[in-house]
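Working notes for the structure below.
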Amino acid sequence: MYQENYEDEFVGNIDVVADTYANVNEIEEGDLEDEELLLQQAQAGVQSIPEQVRRFLGHFHRNVKNSTVNDLSYNYENQFVRLSDKYYAKTPWPEPQFVAALVGDDGLFLTLYRELYYRHIYSRLHPSLETRFRSFENYCDLFNYILNSDGPIELELPNQWLWDIVDEFIYQFQSYCTHRSRVSKRTPEEIELLKDNSQVWNTYSVLNVLYSLIQKSNINQQLLVSREGGDVIEAAGEFGTRPLYKMLGYFSIIGLVRVHCMLGDYTLALQTLENIDLGNSRGLFTRVTACHVTIYYYVGFAYMMMGRYADAMQAFVHILTFVTRTKHYHQRSHQYDTVNKKAEQMYALLAISVSLSPSRVDELIQTQVREKYGDQLHKLQRSGGGDEAISVLTELYRYACPKFIMPNPPNYDELEAAVEAMEPQDYQLKCFLREARLQLVVPTLRSFLKLYNTMGLEQLSTFLDIDAAELRNQLMVYKQRCRQVRCTSGADLLNGEITPTTDLDFALQDNLIIIAESRVGRRYADWFIRNANKMQDLVNNLENRQKAAIAGTGKANGGKTPATTTAAA
């Protein structure tokens with residue numbers, strides 16, 4: 001485990017590192033002054049690193065070199081975050097060329113360190129265009145080293161770090177695409193740089209990396225053979241048996257789902273998961289909480305955009321229940337904020353899905369949705385599909401949807417046309433609202449139909465203040481919209497059976513509406529357990545307040561316990 005003090009502290013050769021980064025092969029007399037200046041800068045850079053950080057980097061380097069995964073995991077998930085908060089909350093970590101002096105100019109470790117270095121800049125600072133270019137080059141170096149070696153490389157990293165590498169790679173790609181598309185905010189110098197570096201963060205390059213990792217690891221073959229009960233080791237091959245390649249390939253599948261959703265191809269996103277069984281509670285995606293949450297977020301969002309609201313609700317409810325039950329176990333994790341943000345977005349998406357296709361969901365999750373978005377749900381129900389409903393849906397959608405991207409860079413030679421081009425966010429919103437407008441009739445009609453067993457068409461048209469012929473059309477739309485394709489297997493996300501998705505059905509006989517509602521008996525055990533837990537939390541809170549009040553009174557009396565308390569004791 002990581003210790004603050006070490007018996008052996010690595011002292012690097014600054015002279016060698018300065019020579020390496022200066023790219024000097026033969027030093028002439030005229031260059032001696034420049035070389036001496038570089039050496040002084042390197043020495044000053046190393047000396048500027050706090051002693052605690054230097055010890056951490058030395059220990060971190062040894063763990064990477066020796067592939068001690070447990071210590072690596074602790075250093076990565078705890079110590080790096082703690083030192084970032086303490087020393088580098090608003091500044092970058094030390095420059096890689098200075099760190100090189102501490103780790104013997106180890107190329108592999110420096111590549112991994114630069115991945116953390118640039119990620120820290122993205123998360124806490126504002127990356128410049130040059131920083132974006134260098135980060136992309138570093139990812140290229142890392143993936144080329146992993147993919148183009150003659151045999152499997154001797155490297156083991158924690159699953160959390162492997163997931164973060166893939167996740168951050170896609171995030172920086174999305175961030176760059178957004179950055180380059182906002183041409184009105186770019187200076188002429190930045191426009192020229194973007195034009196000259198069109199291959200940087202290219203969509204084809206990003207997809208090529210993800211598909212290459214999947215192919216190198218044979219992960220799809222492994223998952224298929226595992227599901228059929230075959231020999232996984234034989235299917236894995238030389239590279240796929242190594243945890244590094246296997247997990248990078250697996251996480252790349254989930255990364256592809258995210259990329260396809262950002263590009264607006266929801267069918268391909270779900271098709272990418274054809275070999276991953278979401279119904280398997282021991283699937284590899286459950287090993288990293290952020291990965292677990294991410295896969296359900298994008299699956300649920302893809303279903304929602306395809307109009308399969310019942311499947312979307314099922315995905316959201318499943319993962320939100322998991323997050324609610326495990327929330328206390330991840331409070332100290334560096335992924336806690338990310339998971340919480342995704343959960344809040346999914347509550348908004350669930351509110352959208354429930355409003356467009358009303359049906360029963362888990363009572364605990366439904367209570368959370370009502371607490372967070374009760375006003376919006378009420379507006380959607382009372383507006384009858386008017387402008388107010390569209391405004392609410394737009395607000396929720398913009399908050400909860402992924403960051404969409406344009407796969408190609410804008411035409412920098414025609415900046416006016418590039419500025420006026422529709423944002424991908426607006427285009428996807430337009431597609432969603434086109435489908436949602438047809439669905440908004442469902443909650444309004446349902447709220448009236450729930451009140452009766454039989455009802456005249458003319459009577460309902462009077463309540464809704466619309467023509468009887470138009471009401472008949474809306475009822476037909478309601479009938480059709482309440483029948484959706486529902487997934488029947490966790491491994492086959494695209495296919496399913498057409499089934500009713502509502503607990504309220506009706507038949508139209510001439511001008512008479514005959515209504516039938518299926519009622520589910522209340523599960524009293526769950527209700528009592530949940531309220532008993534609430535009562536226990538309330539009692540604990542009151543006891544803590546009482547203890548705090550007694551302690552405060554004791555301090556006011558000079559440390560003496562009040563007589564009433566002593567007598568009671």
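Side chains are part of it too, since the values below use all heavy atoms of this structure and drop only hydrogens, waters and symmetry mates.
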* Identify the residue among Arg132, Glu168, Arg134 that makes a side chain to side chain contact (heavy atoms under 4.5 Å, CB included) with Tyr118. =>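 The passing option is Arg134.
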
* Val299 and its side chain to side chain contact (heavy atoms under 4.5 Å, CB included) partner, picked from Ile254, Ile319, Asp311, Leu273 ->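 It is Leu273; the other options fail the test.
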
Side chains of [X] and [Y] only: does a donor on one sit below 3.5 Å from an acceptor on the other?
X      : Y      : answer
Gln439 : Tyr309 : no
Asn340 : Glu344 : no
Tyr139 : Glu115 : yes
Asp164 : Tyr76  : yes
Thr178 : Ser175 : no

Measure centre to centre between the rings of [X] and [Y], then say whether the value is under 6.0 Å.
X      : Y      : result
Phe251 : Trp163 : yes
His292 : Tyr296 : yes
Phe143 : Phe169 : yes

[atom1]/[X] to [atom2]/[Y] distance, rounded to the nearest 0.5 angstrom?
X      : Y      : atom1 : atom2 : answer
Arg114 : Thr111 : CZ    : OG1   : 4.5 Å
Ile276 : Leu224 : CD1   : CG    : 12.5 Å
Ile219 : Asn275 : CD1   : CG    : 9.5 Å

Return yes if some donor-acceptor pair links the side-chain N/O of [X] with the main-chain N/O of [Y] below 3.5 Å, else return no.
X      : Y      : result
Gln425 : Phe404 : yes
Thr91  : Tyr88  : no
Asn75  : Asp71  : yes
Ser205 : Trp201 : no
Arg186 : His179 : yes
Ser252 : Gly255 : no
Ser391 : Asp387 : no

* How about Leu129 and Asn197: do any of their side-chain heavy atoms sit closer than 4.5 Å? ->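 Not touching, per the 4.5 Å side-chain cut-off.
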
* Take Phe60 and Trp161 through the test ring-ring contact (aromatic ring centres under 6.0 Å, His included) and record every step on the way to the result. => CA-CA 13 Å; Phe60 202 16; Trp161 194 353; 5.6 Å; yes

Return yes when atom [atom1] of [X] has more than 12 non-hydrogen atoms of other residues, nucleotides or ligands closer than 6.0 Å, and no otherwise.
X      : atom1 : value
Ile498 : CD1   : no
Gln368 : CD    : yes
Tyr399 : OH    : yes
Arg370 : CZ    : no
Glu497 : CD    : no

* Asked: Can you check salt bridge (charged side-chain N to carboxylate O under 4.0 Å, His left out) on Asp277 and Arg282, steps first, answer last?
  -> CA-CA 10 Å; Asp277 184 4; Arg282 297 184 179 181; over 6 Å; no

